Protein chains: 2
Amino acid sequence: MSKPAVTIYEIAKHVGVSPAAVSSTLANRHIERRLSSETVRKIREAATALGYVPNMAGRRLRAHKSATRQFDLAILTSYEAPLPLVGQVLHALQRAVDVQTTEHTRYAVAIEMFHAGRLSEKAGLLDANRYHGVILTNTLPVDDAFVAEARLPYPVVVLGRRIPHYHCVLEAPDFVGRRSAEVLLEAKCGKPGILHSRQLTHTTSDRLAAFTRVVKERTGREAAKIVSTGLQPHDGAVALEAFFSEGGQLDGLFAVNDSLAAGAYRAIKASGRRVPDDVAVVGIGDYELAEYLDPPLTTVAGANEAMVAEAVPMLFRLLRGEESVSTEVLVVPPVFMRQSTQRRA
Amino acid sequence: MSKPAVTIYEIAKHVGVSPAAVSSTLANRHIERRLSSETVRKIREAATALGYVPNMAGRRLRAHKSATRQFDLAILTSYEAPLPLVGQVLHALQRAVDVQTTEHTRYAVAIEMFHAGRLSEKAGLLDANRYHGVILTNTLPVDDAFVAEARLPYPVVVLGRRIPHYHCVLEAPDFVGRRSAEVLLEAKCGKPGILHSRQLTHTTSDRLAAFTRVVKERTGREAAKIVSTGLQPHDGAVALEAFFSEGGQLDGLFAVNDSLAAGAYRAIKASGRRVPDDVAVVGIGDYELAEYLDPPLTTVAGANEAMVAEAVPMLFRLLRGEESVSTEVLVVPPVFMRQSTQRRA
DNA sequence: GTGAAAGCGCTAACAG
DNA sequence: CTGTTAGCGCTTTCAC
C-alpha cells in the first residue's frame, strides 16, 4: 500500500543504467550525452511506468546559485473566502515582491487553501520547511484556536482577526457595525435590520454584535435579523423575500457584504418597495460594482484595502527579523456615502 | 555587491560553534540540546545580523519522507488579469488537488504573476526545478510568442488562447463576438456598438473582430467602437459618456466584460436613455452581480467555467504522463438571456 | 557511449 | 553541553 516515491536511482536500476543517464534523459540532455536512442526509450518508458515524480527540492538544491536567496511566501486562506479579499492580498503582496526582487533575492508567492474550520487538518502547516512567511486570513474561530495553540514556526501576519501570540492587523473593533447602524439611524430609519449569512466569521459576528447593540441603544428595539444560507446575491434575495413574505417590516438594511446587498436590492424592488425611500441599504465591501448598482450603494468599505496595506510591509519587516514590529495594528475603514441611504426628509 | 546567501555554516563559523548548534537553535530545539542561553543568543544575533535566509530546498530535501511524492503546481497569470478567472482556476485546481491528495501524494498550488507582455522577463520560468505542471493564462500575444519559442520544460495547459506546441483549451473562435452581435440584432438593434479597453488580449481581439464582422454583414455598416482606458466600471462609464457627448448614437451595446457593462449602464441612464429600450446591452463574464444589475444583464458567459473544467483534468493527465491527451479543446460558452436585451417590439 | 563521485544546505543521530 | 557525520535526490564534471 505504501509505495515509496520513485527516484532516478530506481529507474536506473530498473533499466540497468546509471542515475546520470536517467537524469540527463529526463532533462532532455541525452543528445549531448550521446545516449543510444534505445536507452533513452527504455528510460522514458520506465519513468512513466514507475510513476516517477521528480523531487523539486532535490533539483532546486542542486541548481541553487549560492548568491541568491529565495523567499517563499504564502497566503493561507479558506476556500470559502471572498475572492476580492484574497485578490487584494495577492496583488499587494506581488507588488511588494516586485519591488524587493533583486538579482540576489527572489520571491515566490503561493496560495494555500484550507476548508474553513479545518485548518488543523492541513498537512505540513507545522513544518518549517515550506514557507519563510505567511499571511493568514479567512479563518473561523476554531482555526484561530488551533493556530494560537500551535505556534507556527515561521513569521505570520494575521489579517482581520486577533490571534494571541501573532502579529495581527484588524479592523477597529465594533467600528463597522456601529457606523452602519449610525448611517441608517441618521437616514431616519426607525426599523433597521441586518442581513447576514448563517456562517459567522470572527469579523462578521463582531459587526453583527455592534450593529444590534447600537440599534438597541438608540431605538430601544431589537434589529431584525435576516439570515441567509450563503454570501451570494441569490442567497440575499431569497432570505429577504422570505422575510417580506412572512410579513417582516424594515426601513433600513445593513447587509454584511455587497453581494448580499445586491440580492437585497432585487428582493426590495420585487416587493414594490424602493431604495432608499422605503428601505435604505448599507453594504460592506470594496467591490467595484457597489457604486454601479441602482441606486449606488453606501458601503462601509470593510477595512480590506487598508489592512492589506499594513499587513504586507509588516510581513517583510518580520522576514527581515526586525525586533520592533508591533503585534497589533488597528485599521479604521472608510465609509462611502452614496444614494442608497439618502432619503427624502 | 554580490553578497552570497548566508548558510548555517557561515553563522556557525561567525559565532564559533558547529552548524548543528545553529540548526537546532533556529528550529527552537536548543532546549533539547541544552545549549547555553548565551550561545543561543549569539547565534540568533548572528543570524539576523548576517541576514540569514533558510534554504527551503535544503530543509525540504532533508525532511523528505520517501513515501510521499509532492506535486508543485502553478497558475501562471498576468497581474492585469480579471480576478474572477484566476479565482475560478484556483478553486477548480484546489478542488481537484483535494480529491487527489492521499497519504502518499501531496500537492501545492502557487500563483505566479507576470506583467502582461513581459512574461519573458520572468525569472526561473525556464528552469525545470520549480513546478511539475502549470496552467498558463492571461497572456498577451508577445508572451505567447515567447512561450511558443521557449518550450517550457514541464507540462503546461494554456487557457483561453492557442499557443503552438502546447496543450490548449479555448473558446470556440468567433463564437462570443458572433453571438453577441446576433443577440443585439435579434433585439432589433440597428446601430450596435462595442465597448472595449485599449489593451487587447488575444481573446478580446477575436471577439471584437467577430462582432464587427457580423454587424457589418447584417446591417451593412460599421459597428461603433468605444474604447476605454481600462476594464473597470469607471472606465466604461467615462468612455461611453464621452461617446454620447460627442453626439455618438447607438441602440445596442456589446461590452467586452460585465464591469464595463455596469459602467455603461450608468452612462446610458445619465444621458437620459433607458436600458434596454433605448440601448440594449450585452456583457461578457460570469460575474455574480450581472444578474443583479438593473435591469439584469444579458451575458455571453465567457467560457471560463467550461474552460477551467477542461483544463484542470487535462493538467493531471499530463502529469500522469498519459500519451493520448488532446492538444486542443474547444469550448462553447453559454449565453444568459436577461432583460437588458428584451426590448418592446 | 556510459558510470562514479562530489556536493548543493540542512538536520538527526551519534559520539564525545 | 557541543562537534562530527551521513545522507535526503539531483545534476554535472570527470574519467573510462
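Letters A, B, ... are given to chains in the order of the sequence lines, protein chains preceding strands, and every chain is numbered from 1. Keep in mind that this is a model prediction, so the values were computed, not measured. Just so you know, these numbers use all the heavy atoms, side chains as well, and skip hydrogens, waters and symmetry mates.
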S.K.: Could you go step by step and tell me if A:L76 and A:Y131 meet the side-chain contact (heavy atoms from CB on, under 4.5 Å) rule?
M.R.: CA-CA 11 Å; A:L76 193 52; A:Y131 297 113; over 6 Å; no
S.K.: Show your reasoning for whether salt bridge (Lys or Arg N to Asp or Glu O under 4.0 Å) applies to B:E45 and B:K42.
M.R.: CA-CA 5 Å; B:E45 230 165 48; B:K42 277 202 266 180; over 6 Å; no
S.K.: Can you work out whether A:I8 or B:S36 has the more 5'-proximal nearest nucleotide on DNA chain D?
M.R.: B:S36
S.K.: Just the atom pairs and distances: protein N or O near nucleotides 13-16 of chain D's N or O, under 3.5 Å.
M.R.:
none

S.K.: Measure from the side chain of A:S18, starting at C-beta and using heavy atoms only, and say which of C:dC10, D:dG3, C:dG3 lies closest.
M.R.: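 Of the options given, the side chain of A:S18 lies nearest C:dG3.
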S.K.: Distance check needed: D:dG9 P versus A:N129 CG, whole Å only.
M.R.: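 About 14 Å, once rounded to whole Å.
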S.K.: When you get a sec, tell me which of C:dG3, D:dC10, D:dG3 is the closest nucleotide to the side chain of A:A21?
M.R.: C:dG3
S.K.: Given C:dG1, C:dA12, C:dC10, identify the nucleotide with an atom nearest to the side chain of B:R29.
M.R.: C:dA12
S.K.: Please report the distance, rounded to the nearest Å, between NZ in B:K13 and P in D:dT4.
M.R.: 13 Å
S.K.: For a side-chain contact (heavy atoms from CB on, under 4.5 Å) check, start with the C-alpha distance between A:L125 and A:F146, then their side-chain angles and the critical distance, and finish with the verdict.
M.R.: CA-CA 11 Å; A:L125 203 62; A:F146 164 73; 3.8 Å; yes
S.K.: Please evaluate the base of C:dC10 for a donor-acceptor partner in the side chain of B:Y9 within a cut-off of under 3.5 Å?
M.R.: yes
S.K.: With a 4.0 Å heavy-atom cut-off, tell me which residues in residues 38-52 of chain A come close to DNA chain C, sorted by residue number.
M.R.: A:T39
S.K.: Classify B:R60 by what it touches in the nucleic acid, base, sugar-phosphate, or nothing, heavy-atom distance under 4.0 Å.
M.R.: nothing
S.K.: Quick one: A:I11 CD1 to D:dG9 P, roughly how many Å, whole number?
M.R.: 13 Å
S.K.: Reckon A:L35 touches a base, only the sugar-phosphate, or nothing at all at heavy-atom distances under 4.0 Å?
M.R.: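 Answer is sugar-phosphate: A:L35 comes under 4.0 Å of backbone atoms only.
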S.K.: Base, sugar-phosphate or nothing for B:R59? Non-hydrogen atoms, less than 4.0 Å.
M.R.: sugar-phosphate
S.K.: Counting only N and O atoms by type, is there a donor-acceptor contact under 3.5 Å from the side chain of A:R161 to the main-chain atoms of A:L159?
M.R.: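 Yes, A:R161 side chain to A:L159 backbone: donor-acceptor pair under 3.5 Å.
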S.K.: Looking only at the aromatic ring of each residue, does the gap between the centers of B:F316 and B:Y107 stay below 6.0 angstrom?
M.R.: yes
S.K.: Just the rounded figure in Å: distance from P of C:dG9 to CD of A:Q70.
M.R.: 14 Å
S.K.: Looking at the side chain of B:T7, which of D:dG3, C:dG3, C:dC10 is the nearest nucleotide?
M.R.: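 Comparing D:dG3, C:dG3, C:dC10 against the side chain of B:T7, the answer is C:dC10.
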S.K.: Could you go through residues 115-122 of chain A and list every donor-acceptor pair under 3.5 Å that involves a side-chain atom there, pairing it with any protein atom two or more places apart or in another chain?
M.R.:
residue	atom	partner	partner atom	Å
A:H115	NE2	B:D98	OD2	2.7
A:R118	NE	A:E121	OE1	3.2
A:K122	NZ	A:E112	OE1	2.8
A:K122	NZ	A:M113	O	3.0

S.K.: Report the distance from atom CG of A:N28 to atom P of D:dC10, rounded to the nearest whole Å.
M.R.: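 Result: 16 Å.
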S.K.: B:I31 has an atom CD1; how far is it from atom P of D:dC1, in whole Å?
M.R.: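 Rounding to the nearest Å, CD1 of B:I31 and P of D:dC1 are 12 Å apart.
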S.K.: Just by modelled atom types, is the A:A128 backbone N or O under 3.5 Å from a matching donor or acceptor in the B:R59 side chain?
M.R.: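 Flag set: sc B:R59 to bb A:A128 pair under 3.5 Å.
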S.K.: When we call it a touch if two heavy atoms are under 4.0 Å apart, what does B:S23 touch: a base, just sugar-phosphate, or nothing?
M.R.: base
S.K.: Any donor-acceptor pair under 3.5 Å linking the side-chain atoms of A:H104 with those of A:R69?
M.R.: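 There is no such pair (donor and acceptor under 3.5 Å, judged by atom type) between the side chains of A:R69 and A:H104.
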S.K.: B:L61 CG to D:dA6 C1': how many Å, rounded?
M.R.: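 After rounding, the gap between these two atoms is 13 Å.
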S.K.: Name the one of B:T77, B:V89, B:D143, B:I75 that satisfies side-chain contact (heavy atoms from CB on, under 4.5 Å) with B:N138?
M.R.: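 The single option meeting the side-chain contact (heavy atoms from CB on, under 4.5 Å) with B:N138 is B:T77.
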S.K.: Do A:R41 and A:E38 sit within salt-bridge range, that is, some charged N less than 4.0 Å from a carboxylate O?
M.R.: yes
S.K.: Over how many whole Å does the gap from A:D127 atom CG to C:dA12 atom P extend?
M.R.: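 After rounding, the reported distance stands at 11 Å.
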